[in-house]
Amino acid sequence: MTDMAGRRAQLAENLARVEERISAACAAAGRAREGVTLIVVTKTYPASDVRLLHELGVRHVAENRDQDAAPKAAACADLDLTWHFVGQLQTNKVRSVASYAHVVHSVDRLKLVTALSDAAVRAGRELGCLIQVALDAESGERGRRGGVSPEGIEELADAVGAAPGLRLDGLMTVAPLTGSYAGRQRAAFDRLMEFSSRLRAAHPAANMVSAGMSADLEDAVAAGATHVRIGTAVLGVRPRLG
Ligand SMILES: *Cc1c(COP(=O)(O)O)cnc(C)c1O
């Protein structure tokens, strides 16, 4: 077997295992499998893996650093992929991100809303935006892994909703490592769902809930997540921090 065929077989096997986990979690929660979209987080892995994943049927991929994502997206521009940006985002990277990303999961401050809106309008594109909620942040602060404190969701959502070039798609969270939700993924995701219900009352189309990674996708699906972001379980343990 060539290296590429070996890698393909490995990815296919991992994907099948993740698919089984998602299906089982949906069944356990009485949810339709179609209600959960798998986003494969390809950070630190090469564009060749993105191509193999596409061959294997993956249509949603995510990255967390513009430096890595921009060249990868360019190398895969011929593929019908939806690119999700899930990392903490500096305003000086926004113009680049807006050139390839379809959905930004990490909107957590007004300055970023303004910058994303300007960049989307300039690029002539519409960018989907999720408000990243930090369940470990005090009011007025941002979380250690990014995100706005729950008190800040409404203001940001209204700003995205009113911003040219942006579309408010919903909420995202990363299970906190600190604070009262540390180690309590299910409770954290349940809390996110409460914020999502409140958000949808004012913005009915903002029905995406992005939660759950390799270690906790079952908790996220049980809580009601519509999108899970899976890296390690599909691609393997990352060669470096990312
Ligand atoms: C890396 C990353 C993931 C995927 O994490 P795994 O544990 O590798 O599945 C999901 N969401 C965000 C924001 C990430 O940075």
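None of the values given here were measured: they were computed from a predicted structure. The first residue in the sequence is number 1, and the count goes up from there. Whatever order the structure lists them in is the order used to number ligands and atoms, beginning at 1.
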Would you tell me which option among Thr173, Thr232, Asn64 has the nearest heavy-atom contact to atom 8 (O) of ligand 1? Thr232
Is it true that His105 lies under 4.0 Å from ligand 1, counting heavy atoms only? no
Looking at residues at least two apart in the chain, or sitting in another chain, which of them share a salt bridge (charged side-chain N to carboxylate O under 4.0 Å, His left out) with Arg8? Glu55
Can you list the residues that meet the salt bridge (charged side-chain N to carboxylate O under 4.0 Å, His left out) rule with Arg122, with sequence neighbours excluded? none
Working to the nearest 0.5 angstrom, can you tell me the gap between His84 NE2 and Asn64 CG? 14.0 Å
Check ligand 1 against [X] and write out every atom of the ligand that is under 4.0 Å from a heavy-atom position of the residue.
{"X": "Ile230", "answer": "9 (O)"}
{"X": "Arg229", "answer": "4 (C), 9 (O), 10 (C), 11 (N), 12 (C), 13 (C)"}
{"X": "Val86", "answer": "12 (C), 13 (C)"}

Would a 4.5 Å heavy-atom cut-off, applied to side chains only, mark Leu130 and Val104 as touching? no
Are Arg33 and Glu19 ion-paired here, with the side-chain N under 4.0 Å from a carboxylate O? yes
Return a yes/no value for Val41: is any of its N or O atoms, backbone included, closer than 3.5 angstrom to an N or O of ligand 1? no
